[in-house]
Amino acid sequence: MLDIKFIRNNIELVRQAIHNKNEKADLDALLEIDEQRRKLQFAFDNLKAYQNSVSALIAQKKKTGDNIENELKAMTNTAEAIKAISAHLSIVNEKLEKMLLTIPNIPQADVPVGRDESSNKIVKIWGEPKQFPFTPKDHLELASQNKLLDLPRGAKISGSGFPLYTGEGARIERSLINFMLEYHLQKHNYTELIAPVIVNRKTMTGTGQLPKLEEDMYRIEKDDLFLIPTAEVPVTNIFADEVLSYKDLPKQFVAYTPCFRREAGSYGKETKGLQRLHQFNKVELVHFTEPEKSAAALEQILSDAEDILQAFNLHYRVAALCTGDLSFASQKTYDLEVWAPGTGKYLEVSSVSNFGEFQARRANIRYKDKTGKVKHLHTLNGSGVATPRLLIAILETYQTEDGSINLPAVLEPFLHLIL
RNA sequence: GGAGAGUUGCCGGAGUGGUUGAACGGGACGGUCUCGAAAACCGUUGUAUCUUUUUACAGGUACCCAGGGUUCGAAUCCCUGACUCUCCGCCA
């Protein structure tokens with residue numbers, strides 16, 4: 001969330017950001033509540049100060065045995081007034097807190113302004129679409145011919161969008177996860193985490209999924225817990241309510257988790273095969289940095305994710321998202337889109353974002369800088385990368401005319417581990 | 001799931017109703033001393049928020065797991081919840 005003081009001092013900037021992000025948030029109502037809150041707080045503080053001073057007097061008089069009847073009488077009224085005002089204050093505080101959670105992060109100045117993805121800017125293209133001397137099949141045909149997937153049975157046991165990987169398909173999927181983890185560990189200096197995939201409401205609020213996206217998540221009602229849509233959620237929250245030292249920063253973690261998304265309302269939209277799933281696997285990169293270093297960290301995460309695609313020699317492009325396509329919590333985001341020759345489309349396999357102090361403020365993650373000042377740090381993350389679409393690109397790119405798959409050599413050691 | 005114990009500042013640990021933001025010890029930081037270091041001694045050691053013109057300084061308020069309650073007054077008493085630990089049961 002944004003600092004209420006910042007909002008107060010930059011009303012038009014915030015209003016603009018809400019508009020450019022296609023968000024709905026009642027800024028004026030928020031400012032009015034804030035005004036109310038400050039007035040009440042002031043009154044409350046003054047009453048308390050009075051109460052405290054008389055209390056001290058009572059204590060003193062009691063010691064010396066003086067009469068305290070007058071003081072006690074006055075205090076009864078004061079105590080009542082304090083009770084009334086503090087009840088009001090806590091209602092107002094709660095309201096303000098709730099409203100603050102609906103204000104989106106502000107896009108950085110270099111983010112292109114636009115309503116939707118048509119305004120995204122392609123900032124980089126790597127490699128070129130592979131040419132085939134035959135008509136390339138799409139991943140569904142290839143998967144079925146090679147018995148890599150059994151989607152009907154996945155649908156039977158869970159529902160559509162819950163893929164069942166079979167035999168070699170499962171093995172390839174597992175190898176991909178393992179390859180990416182080891183790559184980031186060994187070449188990019190990350191620390192690996194295995195995190196819970198079910199988290200509580202506070203955690204979901206910390207990274208900004210709640211309150212906005214409650215409908216998009218799987219929820220365990222009985223315990224009020226949620227299945228994570230991305231490892232970003234548990235990993236970013238590991239330092240919630242903590243104060244780190246600048247000496248600990250930057251911290252960079254890599255975590256593999258399954259991800260769960262209800263994808264409410266997206267049926268019929270790119271749902272074919274593995275393109276859009278309710279459960280999928282993803283290796284996620286998360287950074288915690290000092291504020292001055294987050295811009296560079298964003299470029300680094302992007303490059304770390306790109307390395308994976310390059311290792312597989314897959315053609316891809318990088319898009320800088322426009323304001324309207326930025327997520328609620330993001331200041332700036334790059335999408336990595338890999339070319340799937342059989343499907344004939346670029347598929348998003350990674351989203352790399354800088355959240356500034358937005359998430360840190362929500363989750364209350366702070367650090368002590370060199371001068372001893374306590375400040376909110378910056379959080380970033382990027383997929384490194386999501387497997388289903390990566391698998392699509394690999395199958396479709398490395399198919400042969402007879403429909404078999406000639407997997408890239410870098411995967412070999414992971415596919416056939418020696419026991 | 002049942003029974004019990006606990007949760008205080010960077011850490012350890014006092015504190016069971018009245019100037020306690022919190023004794024005492026340790027750590028860390030600064031200073032004196034020293035060629036330098038150790039030891040010793042002295043000092044400092046929180047976060048949030050409000051008031052004042054921004055800041056600085058100063059002052060007010062809140063915070064002793066969280067939320068309620070009792071009281072003129074709560075770290076201290078009562079209730080609820082979270083978490084940790086121990087024992088029993090169950091279990092991959």
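Values below: all heavy atoms of this structure, side chains included; hydrogens, waters and symmetry mates excluded. By convention in this document, chain letters (A, B, ...) are assigned in the order of the sequence lines, proteins followed by strands, and residues within each chain are numbered from 1.
To the nearest angstrom, P of B:rG68 lies 16 Å from CD1 of A:I82. In this structure, A:L244 places its CG atom 14 Å from P of B:rC10, rounding to the nearest Å. Across the protein-nucleic acid pair, A:K368 atom NZ and B:rA48 atom P stand 11 Å apart, rounded to whole Å. Summarising the geometry, the separation between CZ on A:F44 and P on B:rC50 is reported as 15 Å, rounded to the nearest angstrom.
If you check B:rG60, B:rC50, B:rG18 against the side chain of A:I58, the one that comes closest is B:rG18.
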What donor-acceptor contacts under 3.5 angstrom involve side-chain atoms of residues 88-100 of chain A, with partners at least two apart or in another chain?
residue, atom, partner, partner atom, Å
A:S90, OG, A:S86, O, 3.4
A:S90, OG, A:A87, O, 3.0

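Using a 4.0 Å cut-off, no side-chain N or O of A:R201 falls inside it from OP1 or OP2 of B:rA82. In terms of phosphate contacts, A:K48 brings no side-chain nitrogen or oxygen within less than 4.0 Å of OP1 or OP2 of B:rG60.
A salt bridge links A:K124 with A:E306: the distance from a Lys NZ or Arg NE/NH1/NH2 to an Asp or Glu carboxylate oxygen falls below 4.0 Å. A salt bridge links A:D34 to A:R8: at least one charged side-chain nitrogen sits closer than 4.0 Å to a carboxylate oxygen. One finds a salt bridge joining A:K61 and A:E71 here, because a Lys/Arg side-chain nitrogen approaches an Asp/Glu carboxylate oxygen to under 4.0 Å.
Atom C1' of B:rC11 sits at a distance of 16 Å from the matching atom of B:rC29, rounded to the whole Å. Nucleotides B:rG68 and B:rA75, compared at atom P, are 15 Å apart to the nearest Å. Atom P of B:rG13 sits at a distance of 37 Å from the matching atom of B:rC91, rounded to the whole Å.
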Could you spell out the base pairing of RNA chain B in dot-bracket, with Watson-Crick or G-U pairs whose two distances are under 3.5 Å, [ ] crossing and | to another strand?
-> ((((((((.[[[..)..(.....]]]((((((.......))))))((((((......)))))).[[[[[..)....]]]]])))))))....
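Only one option out of A:Y246, A:F239, A:Y367 pairs with A:F288 in a ring pair (Phe, Tyr, Trp, His ring centres under 6.0 Å); it is A:F239.
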